[in-house]
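Only this structure's heavy atoms are used, side chains among them; waters, hydrogens and symmetry mates stay out. Sequence positions, counted from 1, serve as the residue numbers for this chain.
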Amino acid sequence: MMKIRTKFLLFMVVIHSVMIGLSFYIFQENRIYFIVSEVFILLSVFIAWQLYHDLIAPVRLLMTGVDAMRDKDFSVKFLKIGKLEMDMLIDVYNGMVDQLRHERTQQEQQHYFLEKLVQTSPTGILILDFDDHIANINPKVCEILSTPAEELIGKSVFDFDKVLLQAISTLKTGESKTISLNGIQTYKCQKSHFIDRGFPRFFVMIEELTAEILQAEKKAYGKVIRMMAHEVNNSIGSVNSILDTTIQLQENDSDIKHALEIAIQRNDHLNYFMRNFADMVRLPEPRPEKVDLNELLRNTIRLMEFRASQSDITLNVELTEMPFLISADLHQLEQVVINIIKNAIESIEIRKLRNPDTSLAGLITIRTSFKPKQLVIEDNGVGISPDAEKQIFSPFFTTKENGQGIGLTLIREVLVNHGFQYALKTNEDKLTAFQIRF
């Protein structure tokens with residue numbers, strides 16, 4: 001397509017060529033008129049040349065501004081040249097560039113703020129593209145799914161067998177769903193959308209409700225336990241006082257005296273049982289400090305080695321070479337590790353009682369790793385059935401014949417208060433692993 005300045009120059013050349021030809025044809029016999037006409041033609045050429053510059057200059061200015069905008073360079077501004085129309089055009093352009101630069105800076109700041117907000121959000125945020133492929137995620141999603149970002153981004157939510165992603169794939173826009181994993185970890189997933197370049201883009205927010213649900217449960221059973229402990233302690237104190245008095249009066253009847261002593265012992269056992277429940281309710285808030293988990297494990301293993309050797313159980317230790325530093329309450333975490341190893345020992349002892357002829361030696365493996373950052377305590381005990389696995393961390397649930405269901409409840413309380421992820425599963429090789437991720 002022919003440019004405006006080319007059309008203007010072509011038009012002026014044609015016009016002045018015709019004027020020169022007509023002047024020569026009309027005034028060829030009258031030299032004075034011919035010279036005068038030629039002077040006017042030259043004056044017209046000069047004026048046309050000036051008009052050319054005055055008209056083309058704004059176009060060139062606009063093209064320079066257009067090129068700068070095309071390159072997204074909003075720093076180019078023009079100075080006034082003293083001509084009314086040009087100065088008005090320059091004012092409009094400079095004002096437009098200032099506004100665009102301000103809006104661009106504001107947009108970048110908002111985008112940076114939003115990116116930081118998404119990345120540091122305690123809520124998991126998963127953004128999908130037009131084809132339901134995972135376009136972006138924040139670190140919380142990786143933590144919840146226990147999967148690195150590179151294994152998730154670019155893949156469809158339908159490609160995974162993870163319970164959480166399968167639930168997300170069935171969500172409709174504006175719909176929310178509460179999903180429970182392992183019978184205890186609970187998440188609320190909500191799907192929504194925003195418009196990107198005229199097309200809807202979907203995102204899912206994953207909010208962890210585990211701590212809130214556990215807190216509500218703790219308040220509920222804590223109130224019941226405190227009431228029960230109060231009534232039991234008051235009753236046992238009175239009953240034991242009466243029994244002691246009765247024993248003192250039964251000087252000759254040894255059978256009755258022995259029976260009364262057994263009754264007092266059972267009352268004391270019941271009192272101890274209730275104190276365990278009360279201690280669980282009164283579990284203090286953790287006081288985090290920098291702890292070398294490897295050192296804690298070495299000390300705990302030395303404490304539990306004698307107990308394990310009595311049942312012919314080997315403690316296999318596979319710790320990282322470098323210190324494994326975490327932020328945790330040293331005493332509470334030490335009690336958690338002791339309880340887990342104790343449960344593993346008891347599980348192996350139960351297996352040996354059920355299968356006394358087996359040649360399988362008892363083995364407990366304590367392992368730490370940085371990728372992922374976790375502690376795994378694995379045993380070859382009796383294992384956990386799939387049904388029990390779903391409710392193993394429910395309050396007061398136990399698979400032992402005379403168990404109280406307090407140990408795992410305490411472990412759960414401590415780990416949740418620290419914000420650590422945990423799981424207890426039996427794999428295909430019949431090895432039961434307690435996994436804690438930091």
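- Between Ile313 and Leu363, the closest side-chain pair of non-hydrogen atoms is not below 4.5 Å.
- The neighbour count for Phe370 CZ, taken as heavy atoms of other residues, nucleotides or ligands under 6.0 Å away, is above 12.
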**OP:** Could you walk me through whether Gln435 and Gln374 pass side-chain hydrogen bond (donor to acceptor under 3.5 Å, both in side chains), step by step?
**Re:** CA-CA 7 Å; Gln435 179 190 74; Gln374 66 178 8; 3.0 Å; yes
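- The two residues Gln421 and Tyr187 have their closest heavy-atom pair at NE2-OH, 3.8 Å.
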Original post:
What do the steps show when you test Phe420 against Val414 for side chain to side chain contact (heavy atoms under 4.5 Å, CB included), and what is the final call?
Top reply: CA-CA 9 Å; Phe420 299 152; Val414 172; over 6 Å; no
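- The shortest distance between side-chain heavy atoms of Met304 and Ile338 falls below 4.5 Å.
- In this structure, the side chains of Val291 and Ser327 stay at 4.5 Å or more apart for every pair of heavy atoms.
- At a threshold of 4.5 Å between non-hydrogen side-chain atoms, the residues Ile364 and Ile345 count as touching.
- The cationic atom of Lys191 (NZ for Lys, CZ for Arg) lies less than 6.0 Å from the six-membered ring centre of Phe202 and within 45° of the ring axis.
- Rounding to the nearest 0.5 Å gives a distance of 9.0 Å between CD1 of Ile134 and NZ of Lys155.
- Distance alone, capped at 3.5 Å, places no donor-acceptor pair between the Arg307 side chain and the Lys342 backbone.
- Note that the CG atom of Leu375 and the CD1 atom of Ile366 stand 8.5 Å from one another [nearest 0.5 Å].
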**OP:** May I have the step-by-step check of side chain to side chain contact (heavy atoms under 4.5 Å, CB included) for Ile350 and Ile348, ending in yes or no?
**Re:** CA-CA 5 Å; Ile350 292 172; Ile348 294 173; over 6 Å; no
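- Residues His418 and Pro286 come closest through the heavy atom pair CE1-CB, 3.4 Å.
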**OP:** Would you please test Leu145 and Leu152 for side chain to side chain contact (heavy atoms under 4.5 Å, CB included) and show each step?
**Re:** CA-CA 10 Å; Leu145 298 177; Leu152 296 171; 3.9 Å; yes
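- Contact between Asp379 and Ser347 at its shortest, heavy atoms only, is OD1-OG, 3.9 Å.
- Counting heavy-atom neighbours within 6.0 Å of Met88 CE, excluding the residue itself, gives a total of 12 or less.
- In this structure, Asn294 and Thr320 have side chains that are in contact, with non-hydrogen atoms separated by less than 4.5 Å.
- Panel note: side chain Asn138, backbone Leu126; no donor-acceptor pair is recorded below 3.5 Å.
- Counting heavy atoms from C-beta outward, Arg298 and Val317 have side chains that stay 4.5 Å or more apart.
- Using modelled atom types, one side-chain atom of Ser309 and one backbone atom of Glu305 make a donor-acceptor pair closer than 3.5 Å.
- Seen from the ring of Phe434, Lys425 does not count as a face-on cation partner, given the 6.0 Å and 45° thresholds.
- Using a 3.5 Å distance cut-off with no hydrogens or angles, the side chains of Thr368 and Lys373 do not pair a donor with an acceptor.
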Original post:
Where do Met96 and Gln99 land on the side chain to side chain contact (heavy atoms under 4.5 Å, CB included) test, with the steps shown first?
Top reply: CA-CA 5 Å; Met96 182 175 62; Gln99 182 65 26; 5.8 Å; no
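- Checked by atom type and distance alone, the side chain of His102 never pairs as donor or acceptor with a backbone atom of Asp98 at under 3.5 Å.
- Under a cut-off of 6.0 angstrom, the local environment of CG in Asn316 is crowded, with over 12 non-hydrogen atoms contributed by other residues, nucleotides or ligands.
- Using a 4.5 Å heavy-atom threshold, the side chains of Ile411 and Ile340 count as touching.
- Between Arg351 atom CZ and Thr432 atom OG1 the span is 10.5 Å, to the nearest 0.5 Å.
- Here Ile137 contributes atom CD1 and Cys142 contributes atom SG; the two are 3.5 Å apart, rounded to the nearest 0.5 Å.
- Shown here for Gly124 and Lys140, the closest heavy-atom pair between the two residues is N-CG, 3.6 Å.
- Under a 3.5 Å cut-off, the side chain of Thr426 and the backbone N or O of Ile384 do form a donor-acceptor pair.
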Original post:
side-chain hydrogen bond (donor to acceptor under 3.5 Å, both in side chains) between Glu349 and Ser311: does it pass, once the steps are laid out?
Top reply: CA-CA 7 Å; Glu349 289 173 343; Ser311 299; 2.4 Å; yes
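- Applying the salt bridge (charged side-chain N to carboxylate O under 4.0 Å, His left out) rule to pairs touching residues 318-341 yields Glu318-Arg367, sequence neighbours excluded.
- Partner Asp292 forms a side chain to side chain contact (heavy atoms under 4.5 Å, CB included) with one of Leu325, Leu330, Ile326, Leu297 and no other, that one being Leu325.
- No side-chain heavy atom of Val141 sits under 4.5 Å from any side-chain heavy atom of Thr147.
- Considering CG of Leu333 and CG of Leu415, their distance stands at 7.5 Å, rounded to 0.5 Å.
- A donor-acceptor contact shorter than 3.5 Å is absent between the side chain of Thr105 and the backbone of Glu103.
- Glu207 CD to Ser176 OG: the interatomic distance, rounded to the nearest 0.5 Å, is 10.5 Å.
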